[in-house]
2 protein chains.
Amino acid sequence: EDQMRQRAVEPSDPYSSDPQRHPVLRVNSRKPFNAEPPPELLGDSYITPSALFFTRNHLPVPRVDPASYRLRVEGLPRPLSLSLQELKSRFPKHTVTATLQCAGNRRSEMSAVRRVKGLDWGVAAIGNATWSGALLRDVLLAAGGGGPDAAARHARHVQFEGLDSDAAGTAYGASIPLRKALSEDGDVLLAYEMNGEDLPADHGYPLRVVAPGTVGARSVKWLGRVVVSGQESASHWQQSDYKGFSPATDWDTVDFRSAPAIQELPVQSAITQPADGAVLERGEATVRGYAWSGGGREVVRVDVSLDGGETWRVARLRGGEEEEEEEEEEGEGEAPPPPPGRAWAWKLWEVVAPLPPGVQEVEIVCKAVDDSYNTQPDSVAPIWNLRGVLSNAWHRVRVKVKGD
Amino acid sequence: EDQMRQRAVEPSDPYSSDPQRHPVLRVNSRKPFNAEPPPELLGDSYITPSALFFTRNHLPVPRVDPASYRLRVEGLPRPLSLSLQELKSRFPKHTVTATLQCAGNRRSEMSAVRRVKGLDWGVAAIGNATWSGALLRDVLLAAGGGGPDAAARHARHVQFEGLDSDAAGTAYGASIPLRKALSEDGDVLLAYEMNGEDLPADHGYPLRVVAPGTVGARSVKWLGRVVVSGQESASHWQQSDYKGFSPATDWDTVDFRSAPAIQELPVQSAITQPADGAVLERGEATVRGYAWSGGGREVVRVDVSLDGGETWRVARLRGGEEEEEEEEEEGEGEAPPPPPGRAWAWKLWEVVAPLPPGVQEVEIVCKAVDDSYNTQPDSVAPIWNLRGVLSNAWHRVRVKVKGD
Ligand SMILES: [Mo]
Ligand SMILES: [Mo]
């Protein structure tokens, strides 16, 4: 209601047609809109409800008319211009459960070490949803991709251009490697559904990219154009942002050409419950969280410590099995593991364990291991970087224990 | 000469036909033979000379007659029995520069934390060589792999069996995912050459697997049999060894079925110069080392600290460019980067920097970052595991600085 009024009084505001949002979201920036859910809610459900899914907008939300919408596919022998209906009818519908994570998730822990440039995300700029759409691979093949044509042979990247743009008309853009897009195991979608419904306006209606295993920034929303090219996207976000640097690099010395654009993300985990600063009863504590890794690598173990990292116990992992069992009523034991190299979805995890006796305060820590046996680094300062991205050190939460 | 005499006097010793070895190698075990080169030599050349390449034998070196040798390929519609000559003539020769690393490389740092079971490797159970042979993919396709046949459709793994065996006749064995073996980007070799010559006896003559990006234990030497199967190798080394566990897991509680067999290795780096305990002149220090990551992920940065990890500088990376330039005489600038996802070879790196003034002792530290932006963990204890594998914490070397 408030928002309706705001729209009415500021018709020239490019954000005036932004959609309504769920009031429980923690807003990091209103224009553009950037927000994340409370961690406890996030860790509560394997599939993140769309209304709670973190929103990372770079620009105003464009209003797209689905009837006149066209996706242009260029840079290949047979350029395409596809209506939404054609996308849905000409290409098989493919469904993937995939986690998307913002490059800046957990940035607030980096800014606590030293100032960084960026939105102050907590641990919830990540979410897991079921996405449906056409496979980008199928669309590129229909346009003549992967063939012996000269353009196709020199192509290395797939550029995406959004329909969101700034006052000067510059659109959001990004690219992924063509290898990922054409791979039979890549599962890159041109998605028109999120969790079984049309994409919400904040998540790219009517069409977005979902590049599983890849940093969220490449899953371009409100997708207008796909260009196969020898070059990466020329956009600011591909060239001069979303890259990792040494803690020794500052804004005076940074050379953005010296680092590769982030594509696959490193292994990650965080505690969603209890909250930092919570007061727990003496006795058993329940600790919950999520764990995920990029590149389709499966999380194979999460270690949790209730004494700041001195001793560890192994958490119980949850994939999507329980949801499926609940639906089927008949539990068939564990769901099959994801195909190798295609573990796109996170795992939730839980530890129930006694708090160390006699202490007033406890530091709870988690760290995950993926199937390449990569692990998270112990501390934040050595991975600090000027943009505050790739913040994946052990997650630490301090809680107080009620006196007896 | 000593070895010749030993052979003569102990004819029943299964190790009596083991080959001669380079005297500079540091021997961790003689029977079976396990040895690594001095780190300074390792870090000196991009291509590790075959005589210096670490040797990790599980059993006596078998003597294989190349004339009667046959490779059997089973589990597919058209089983094969291939002579060495057929392997060389029927399949294109493919050459790959690839780093192999033992799962136990740097184990001595883990055993310094707490006792582990395994050979006490330093930082040199890793090497980089040029391997030539037939592509495993080509051989599997010739046997009907990848087809619509039922066996092929249910196949998930490629098992390898060595011609080395123990007193009871049990052969060394291991397996890799079929997906890796059949991938056009997998580059798995049935190699008959190392650095341009026939394989040395210690490295698998006449034929071995080279599975780039994968733990060394899967690159089975003295290869006798390849079996495509729905199951992993049933060998001890696949089922009950070469797996990673939590630091909380001990020999009383370990369940080897609970962890996946190591395949891709995590990001790694180590200092090869100066040596721990070295005494350096005041002024500039030269620090050198290697960095590598599994799964074809390219190392994109190495950070080096001369103050125990407080401050960092970015090392200069060296791929194979310099060797090539030396050969070509005409430097054409940098060699092209490896194709994405196929960075099988390590990078050597170097930092030349002033030692902190006024100190008597310096802790030098290195850590690498790969193109998935995975990093090495800070410390050893939290990744300690009962088998002492996957030891990839920051590498630390303490040196003394000469008083002025
Ligand atoms: Mo992001
Ligand atoms: Mo090994």
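Throughout, a chain's letter reflects where its sequence line sits, starting with A, and its residues are numbered from 1. What you see below is based on every heavy atom in this structure, not just the backbone, and it leaves out hydrogens, waters and symmetry mates.
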Contact origin within [X] toward chain A - heavy atom pairs under 4.5 Å:
| X | value |
| --- | --- |
| B:P177 | neither |
| B:T375 | both |
| B:V267 | both |
| B:K180 | neither |

With respect to chain B, which residue among [options] yields the maximal number of heavy-atom pairs within a distance under 4.5 Å?
| options | value |
| --- | --- |
| A:A393, A:P340, A:A381, A:G213 | A:P340 |
| A:R297, A:Q376, A:E264, A:K367 | A:R297 |
| A:P377, A:S293, A:S246 | A:S246 |

Chain B contact via A:T311 - side chain, backbone, both or neither, heavy atoms under 4.5 Å: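 Answer is neither: A:T311 stays 4.5 Å or more from chain B.
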Could you look at A:A259 and say if it's the side chain, the backbone, both or neither that has a heavy atom under 4.5 Å from chain B?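 The answer is both parts of A:A259.
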Among B:V314, B:T214, B:D371, B:I262, which residue forms the greatest number of heavy-atom pairs with chain A at distances under 4.5 Å?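 Of B:V314, B:T214, B:D371, B:I262, B:I262 has the most heavy-atom pairs under 4.5 Å with chain A.
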With chain A, which of B:G309, B:G244, B:A248, B:G295 has the greatest number of heavy-atom pairs at distances under 4.5 Å?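 Greatest number of close heavy-atom pairs with chain A: B:G244.
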Any side-chain heavy atom of [X] within less than 4.5 Å of one from [Y]?
| X | Y | value |
| --- | --- | --- |
| A:V365 | A:D303 | no |
| A:E232 | A:S175 | yes |
| A:R396 | A:W394 | yes |

Taking it one step at a time, do B:S391 and B:W121 satisfy side chain to side chain contact (heavy atoms under 4.5 Å, CB included)? CA-CA 10 Å; B:S391 183; B:W121 296 106; over 6 Å; no
Quick check: are there more than 12 heavy atoms from other residues, nucleotides or ligands sitting under 6.0 Å from CD of B:E184?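 Not buried by this count: 12 neighbours or fewer within 6.0 Å.
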Is it the case that over 12 heavy atoms from other parts of the model lie below 6.0 angstrom from the CD atom of A:E284?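 Counting neighbours around CD of A:E284, more than 12 heavy atoms of other residues, nucleotides or ligands fall under 6.0 Å, so yes.
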B:F256 and B:F245 aromatic ring geometry - parallel, tilted or perpendicular at 30°/60° bounds: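 B:F245 vs B:F256 ring planes: perpendicular.
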Under 3.5 Å, is there a donor-acceptor pair between the B:D185 and B:S183 side chains?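 Result is no, nothing qualifies.
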